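Every heavy atom of this structure was used, including side-chain atoms; hydrogens, water molecules and symmetry mates were not. We name chains A, B, ... by the order of the sequence lines, and we start the count at 1 in each one. Nothing here was measured: the structure is a model prediction, and the numbers come from that model.
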Amino acid sequence: MGAPPTGRQHGLAPPAAQRHSAPMHDIRLIRDNPQSFDAGLACRGLEPLSAQIIAADAALRALQTDIQASLARRNEASKLIGQAMAQGDKDKAEALKAEVADLKTALPAKEDAERVQLAALQDMLAALPNLPAADVPKGDDEDGNVEISRWGTPRRFDFAPQEHADFAPALGLDFETAAKMSGARFAFLKGQMARLERAIGQFMIDRQTAEAGYTECATPLMVRDEAAYGTTQLPKFREDLFQTTDGRWLISTSEMSLTNAVREEILSEADLPIRMTALTPCFRSEAGSAGRDTRGYIRQHQFWKVELVSIVRPEDSDAELERKTRSAEKILEALELPYRKMLLCSGDMGFSARKTYDLEVWLPGQNAYREISSCSTCGDFQARRMNSRFRREGSKSNEFVHTLNGSGLAVGRTLVAILENYQQADGSVDIPAALLPYMGGITKLTP
RNA sequence: GGAGAGUUGGCUGAGUGGUCGAAAGCGUCGCACUCGAAAUGCGAAGUGCCGGCAACGGUACCGAGGGUUCGAAUCCCUCACUCUCCUCCA
């Protein structure tokens with residue numbers, strides 16, 4: 001017990017940043033278009049960095065050139081030594097050995113300098129988020145998001161609708177029992193409530209596999225450093241994750257385990273698109289959100305989610321984002337939950353996203369729309385980190401794939417939405433018609 | 001948990017400390033033959049980085065990281081992973 005939770009001491013791989021030299025931004029693009037790179041950063045609310053990056057890159061290349069010249073001479077001399085030995089010219093061989101020895105004494109310092117410079121450049125790049133797509137609205141925060149559409153009409157209540165946190169405990173959503181054993185941000189579901197949550201998950205994954213063409217997957221819930229790095233939970237957001245005693249990370253979303261299925265892979269074009277879905281628990285420390293949504297079931301350390309991941313050719317990723325978002329929308333429509341579709345502005349998007357739609361479900365108890373799904377295209381951003389490529393028909397060279405992810409949907413928040421939208425004056429909750437086949441005869445949650 | 005065997009290019013799979021970026025086969029591409037295709041024959045072809053307008057040259061890469069050596073795919077160490085057997089377990 002109590003061993004420090006670092007991977008190294010437990011025999012796991014060293015931190016991914018040390019193992020992977022794959023850049024997350026294409027340095028050549030930055031070199032060629034520094035102004036547009038800085039413009040992209042500005043959209044993210046970041047200071048221009050291209051000058052600094054280009055300087056670091058130039059310094060690195062100067063070091064590399066110097067080192068390569070030394071190595072070239074060493075290799076040349078080594079070959080000559082071999083020849084001299086073969087001819088029995090010992091004096092010549094010894095002279096050459098002395099020359100190589102001189103080169104070698106100078107090399108380590110140069111190589112150290114190169115390593116330092118490379119690490120500096122990579123740290124700089126690894127900390128930078130993906131750049132927004134051209135059609136992403138500019139904005140600093142959620143106020144800059146653009147509403148694209150609304151579906152459904154919020155129900156008219158002939159009584160004052162309550163927040164789920166107020167009436168759901170009577171129906172089996174028990175926070176106090178969970179708190180006894182686990183603390184805040186956990187819930188203990190009982191009876192009909194547990195059944196309803198399970199029904200929601202089953203229903204959603206059935207729809208995504210049967211109708212939207214996603215392949216059902218059951219994935220590990222713990223991953224290593226490299227995987228967390230690949231989908232960009234590392235290195236920047238390590239405080240958002242739970243870590244096991246042997247140094248692995250609990251997934252905060254099955255985006256981590258699904259997307260990393262293609263890490264280090266060279267796919268053939270015929271394999272694409274790959275569409276995967278999984279119903280898994282997700283674990284989040286919620287380190288940065290102390291005090292927010294502390295009441296109710298909206299923001300938990302542990303929740304179920306159906307995730308939708310796509311691996312596609314670059315030219316297909318825009319269309320795939322629309323398709324994926326639609327797959328999520330259909331769940332809300334099937335459950336007859338009113339929602340709106342938001343296009344996130346540059347400042348509100350996640351780290352790895354190029355473009356994101358959020359679906360926000362209507363919560364009458366809160367009198368507000370709340371996020372229930374987030375669908376993003378990451379372009380090649382994650383693929384670069386994972387080194388996930390594909391080979392086109394008849395082509396010899398490999399290209400990075402594009403990756404997309406989205407929730408279809410978050411189960412816990414869907415439960416909340418059903419509770420609040422289907423609540424009745426007597427404190428009961430009707431079951432949406434689409435879920436009845438999954439409810440084992442239960443048609444209503446009753447106190 | 002214990003013992004052993006492995007990790008080489010798009011894939012399968014050889015590989016002696018220097019002539020190994022690496023045999024061979026498959027697959028890919030080009031050409032020939034063909035009305036066309038198949039079969040056959042001949043030929044081409046790894047990736048990143050650096051320099052160069054380019055031709056091209058240099059450098060690194062044989063799981064990862066160190067080490068030995070004038071020189072490492074090859075020898076040594078550490079780690080990760082895969083497989084087989086034993087043990088244990090839902």
Side-chain angles (χ1 to χ4, degrees), chain A residues 6-32 54 56-108 110-115 117-119 121-122 125 218 220-230 246-248 260-272 383-401:
Chain A
T6 59
R8 275 196 172 289
Q9 300 190 11
H10 292 273
L12 287 184
Q18 292 173 21
R19 294 168 46 97
H20 292 272
S21 58
M24 40 304 306
H25 285 283
D26 187 346
I27 187 73
R28 274 170 298 192
L29 279 181
I30 300 174
R31 228 184 278 160
D32 293 346
I54 289 171
D57 177 54
L60 174 64
R61 280 151 60 206
L63 286 166
Q64 286 174 336
T65 304
D66 186 33
I67 289 170
Q68 288 186 8
S70 296
L71 291 174
R73 251 173 289 150
R74 184 201 65 183
N75 289 344
E76 194 182 12
S78 292
K79 273 183 188 155
L80 293 174
I81 289 169
Q83 289 173 13
M85 303 273 268
Q87 292 165 5
D89 190 345
K90 275 206 159 180
D91 293 344
K92 190 178 173 190
E94 288 307 319
L96 285 164
K97 281 190 187 183
E99 188 194 334
V100 171
D102 285 347
L103 284 172
K104 280 183 68 175
T105 54
L107 260 180
K110 292 178 181 177
E111 285 174 341
D112 283 347
E114 186 206 10
R115 212 167 294 153
Q117 188 64 37
L118 178 65
L121 180 62
Q122 287 187 337
L125 292 173
L221 304 179
M222 304 174 219
V223 299
R224 344 166 120 262
D225 282 354
E226 301 96 287
Y229 185 82
D246 70 352
R248 286 174 235 268
N260 275 288
V262 298
R263 72 173 296 107
E264 311 275 339
E265 288 286 324
I266 298 174
L267 303 160
S268 71
E269 188 175 13
D271 295 335
L272 304 178
R384 284 177 180 279
R385 294 192 176 213
M386 297 188 300
N387 203 20
S388 301
R389 295 159 294 167
F390 79 104
R391 174 176 294 252
R392 280 186 198 278
E393 242 34 85
S395 166
K396 276 171 289 194
S397 59
N398 304 321
E399 293 175 52
F400 289 115
V401 297

Taking atom [atom2] of [N] as reference, at what distance in whole Å does atom [atom1] of [X] sit?
| X | N | atom1 | atom2 | result |
| --- | --- | --- | --- | --- |
| A/Leu118 | B/U59 | CG | P | 20 Å |
| A/Asn387 | B/G63 | CG | C1' | 14 Å |
| A/Glu265 | B/U47 | CD | C1' | 17 Å |
| A/Glu99 | B/G71 | CD | C1' | 14 Å |
| A/Arg61 | B/G48 | CZ | P | 16 Å |

Looking only at atom [atom1], what distance separates [N] and [M], rounded to whole Å?
| N | M | atom1 | answer |
| --- | --- | --- | --- |
| B/A72 | B/G17 | C1' | 6 Å |
| B/A55 | B/C49 | P | 16 Å |
| B/U8 | B/G21 | C1' | 11 Å |
| B/G48 | B/A90 | C1' | 46 Å |
| B/G46 | B/G65 | P | 23 Å |
| B/C75 | B/G6 | P | 11 Å |
| B/U69 | B/G63 | C1' | 23 Å |

(message) Holding to side chain to side chain contact (heavy atoms under 4.5 Å, CB included), I want the full list of residues that pass it with A/Glu399, two or more places apart in sequence or in another chain.
(response)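 A/Glu399 satisfies side chain to side chain contact (heavy atoms under 4.5 Å, CB included) with A/Pro314, A/Phe390, A/Arg392 only.
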(request) Could I get the full list of side chain to side chain contact (heavy atoms under 4.5 Å, CB included) partners for A/Glu94, not counting sequence neighbours? (result)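 With neighbours one apart ignored, the set is A/Lys97.
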(message) So if I take every side-chain heavy atom of A/Ala72 and compare against B/G71, B/C49, B/G58, which nucleotide ends up nearest?
(response)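 Closest nucleotide to the A/Ala72 side chain: B/G58.
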The criterion is side chain to side chain donor-acceptor pair (under 3.5 Å); which residues satisfy it with [X], sequence neighbours excluded?
| X | answer |
| --- | --- |
| A/Arg389 | A/Asn387 |
| A/Ser268 | A/Asp271 |
| A/Arg73 | none |
| A/Asn75 | none |

(request) Give a yes/no on whether any side-chain N or O of A/Arg31 is located under 4.0 angstrom from OP1 or OP2 of B/C50. (result)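 Yes, within the criterion.
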Interface polar pairs with nucleotides 73-77 of chain B, N/O, under 3.5 angstrom:
none

Please write out the pairs of protein N or O atoms and N or O atoms of nucleotides 7-11 of chain B separated by less than 3.5 Å, giving the distance to one decimal.
from: B/G10; atom 1: O4'; to: A/Arg391; atom 2: NH2; distance (Å): 3.3

(request) Using heavy atoms and a sub-4.0 Å distance, could you list which residues of residues 62-70 of chain A are near RNA chain B? By number, please. (result)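 Output list: A/Gln64, A/Thr65, A/Gln68.
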(request) Starting from Watson-Crick (N1-N3 plus N6-O4 or O6-N4) and G-U wobble pairs under 3.5 Å, report the runs of at least three that RNA chain B belongs to. (result)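 Expected stems, ordered by start: B:1-7 with B:80-86, B:10-12 with B:24-26, B:28-32 with B:40-44, B:46-51 with B:56-61, B:63-67 with B:75-79.
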(request) Please list all pairs passing the salt bridge (Lys or Arg N to Asp or Glu O under 4.0 Å) test where one or both residues lie in residues 62-71 of chain A, with sequence neighbours left out. (result)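 Those involving residues 62-71 of chain A are A/Asp66-A/Lys110.
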Please tabulate the protein-to-nucleotide N/O contacts below 3.5 Å involving nucleotides 18-20 of chain B, giving atom names and distances.
from: B/G18; atom 1: N2; to: A/Ser78; atom 2: O; distance (Å): 2.9

